[in-house]
Asks: 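Structure below; questions to follow.
What you see below is based on every heavy atom in this structure, not just the backbone, and it leaves out hydrogens, waters and symmetry mates. Each chain gets a letter, A, B and so on, in the order its sequence line appears, and its residues count up from 1.
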Number of protein chains: 2
Amino acid sequence: MDALDERIVRALAEDARRAYADIGAEVGLSAPAVKRRVDRLRARGAITGFTVRIDPAVMGRGTEGLIELYCRSRTAPADIRRALARYPEVASASTVTGEADAVVQVFASDMRHFERVLERIAGEDFVERTKSVLVLSPLLRRHAPDLPA
Amino acid sequence: MDALDERIVRALAEDARRAYADIGAEVGLSAPAVKRRVDRLRARGAITGFTVRIDPAVMGRGTEGLIELYCRSRTAPADIRRALARYPEVASASTVTGEADAVVQVFASDMRHFERVLERIAGEDFVERTKSVLVLSPLLRRHAPDLPA
DNA sequence: ACTGAAATAGAAAGACC
DNA sequence: GGTCTTTCTATTTCAGT
């Protein structure tokens with residue numbers, strides 16, 4: 001993972017469908033050289049795939065919220081994961097330090113929908129209580145946030 | 001945005017570099033038809049781009065945390081945005097309902113790094129106090145969370 | 001308006017040095 | 001790592017529904 005790899009990943013983060021030759025021209029490599037590095041990054045697991053960026057609002061998922069889960073003692077993370085995986089509205093979930101056990105990010109079509117999802121999640125048997133906030137406006141959403149400065 | 005568009009977006013969400021002909025075979029369209037629909041989705045703003053999925057750990061950003069910001073009265077969201085945009089460690093930030101004014105997602109290389117970022121953010125002049133949690137383990141990270149069920 | 005088929009332009013993948 | 005060649009894909013054109 002050298003400076004060249006990083007520049008390649010940054011280029012792909014901005015546009016994952018950019019041609020290797022194009023990226024190569026930017027970083028000073030030939031197209032095959034760029035491809036080889038991308039292949040290596042994938043093999044190593046640094047790049048885990050390519051995906052599309054979507055506008056939640058346009059896709060009818062304009063209502064975003066965060067739900068903190070307070071779980072029963074001895075709830076296994078795997079159980080939380082399994083339960084949440086059944087909700088298509090759940091975008092991400094992580095166990096966290098602090099009072100809550102997990103934070104869940106939810107995208108719903110509207111407030112009514114969000115409320116319904118919240119109630120269903122709160123009704124999961126391992127959930128003791130929840131605390132939720134609604135996202136007012138996304139200030140920042142980085143494409144490749146996971147890159148060293 | 002019909003059922004076909006949705007299936008195409010789902011396919012791209014799983015692998016944005018998949019060939020149009022390939023996606024077409026799955027949804028029952030020819031390659032040009034798929035391309036035309038993708039172009040339309042981009043034009044409409046439903047698809048905002050293509051990006052790469054990265055493993056934060058492998059990229060040296062294995063420490064994730066969430067920081068709640070409690071801001072001075074009359075702090076404009078734009079000011080928060082401008083300030084946070086200067087931190088490469090900030091992956092996302094949103095204003096929220098509830099006690100806190102904003103929630104910031106940060107990826108750092110390690111605890112020391114996270115602490116440094118937290119202190120710098122806490123030191124921003126519009127920030128009165130912060131409350132932060134560390135992410136223990138990501139349970140779920142959906143590729144295309146923003147799609148209608 | 002949207003589709004598929006065919007033709008062209010372009011990029012990716014592989015062999016080779 | 002670059003160069004060259006082959007193969008595949010994207011893109012455009014055109015015509016049909």
Asks: Could you tell me how far apart A/Asp39 (CG) and C/dG14 (C1') are, to the nearest whole angstrom?
Replies: 11 Å
Asks: So which one's nearest nucleotide on DNA chain C is more toward 5', A/Ala21 or A/Arg36?
Replies: A/Ala21
Asks: Whole angstrom is fine here: how far is it from CG in B/Asp2 over to C1' in C/dC2?
Replies: 11 Å
Asks: Could you state the CG-C1' distance from B/Leu4 to C/dT3, rounded to the nearest angstrom?
Replies: 11 Å
Asks: Taking A/Asp39 as the fixed residue, which of A/Arg42, A/Lys35, A/Arg36 is the one that meets the salt bridge (charged side-chain N to carboxylate O under 4.0 Å, His left out) rule?
Replies: A/Lys35
Asks: Could you state the atom-to-atom distance from CG of A/Leu29 to C1' of D/dG2 in whole Å?
Replies: 10 Å
Asks: Rounded to whole Å, please give me the gap between CZ in A/Arg17 and C1' in C/dA11.
Replies: 11 Å
Asks: Is it possible for you to check whether B/Arg61 lies under 6.0 Å from the centre of the six-membered ring of B/Phe107, through NZ or CZ, and within 45° of that ring's axis?
Replies: no
Asks: Under a 3.5 Å distance rule, please check whether A/Tyr87 uses its side chain to pair with a backbone N or O of A/Val106 as donor and acceptor.
Replies: no
Asks: Expressed in angstrom and rounded to an integer, what is the separation of B/Arg37 atom CZ from D/dA10 atom C1'?
Replies: 18 Å
Asks: For the pair made of NZ in B/Lys35 and P in C/dG4, what is the distance, rounded to whole Å?
Replies: 15 Å
Asks: Rounded to the nearest angstrom, tell me the gap between atom CG in B/Asp22 and atom P in D/dA10.
Replies: 9 Å
Asks: Less than 4.0 Å between a side-chain N and a carboxylate O, is that true for B/Glu124 and B/Arg86?
Replies: yes
Asks: Among D/dG1, C/dG4, C/dC2, find the nucleotide with the atom closest to the side chain of B/Ala33.
Replies: C/dG4
Asks: Which nucleotide in the list D/dT3, C/dA11, C/dC2 gets nearest to the side chain of A/Pro32?
Replies: D/dT3
Asks: Over all strands shown, is B/Gly28 touching base, sugar-phosphate only, or nothing at heavy-atom distances under 4.0 angstrom?
Replies: sugar-phosphate
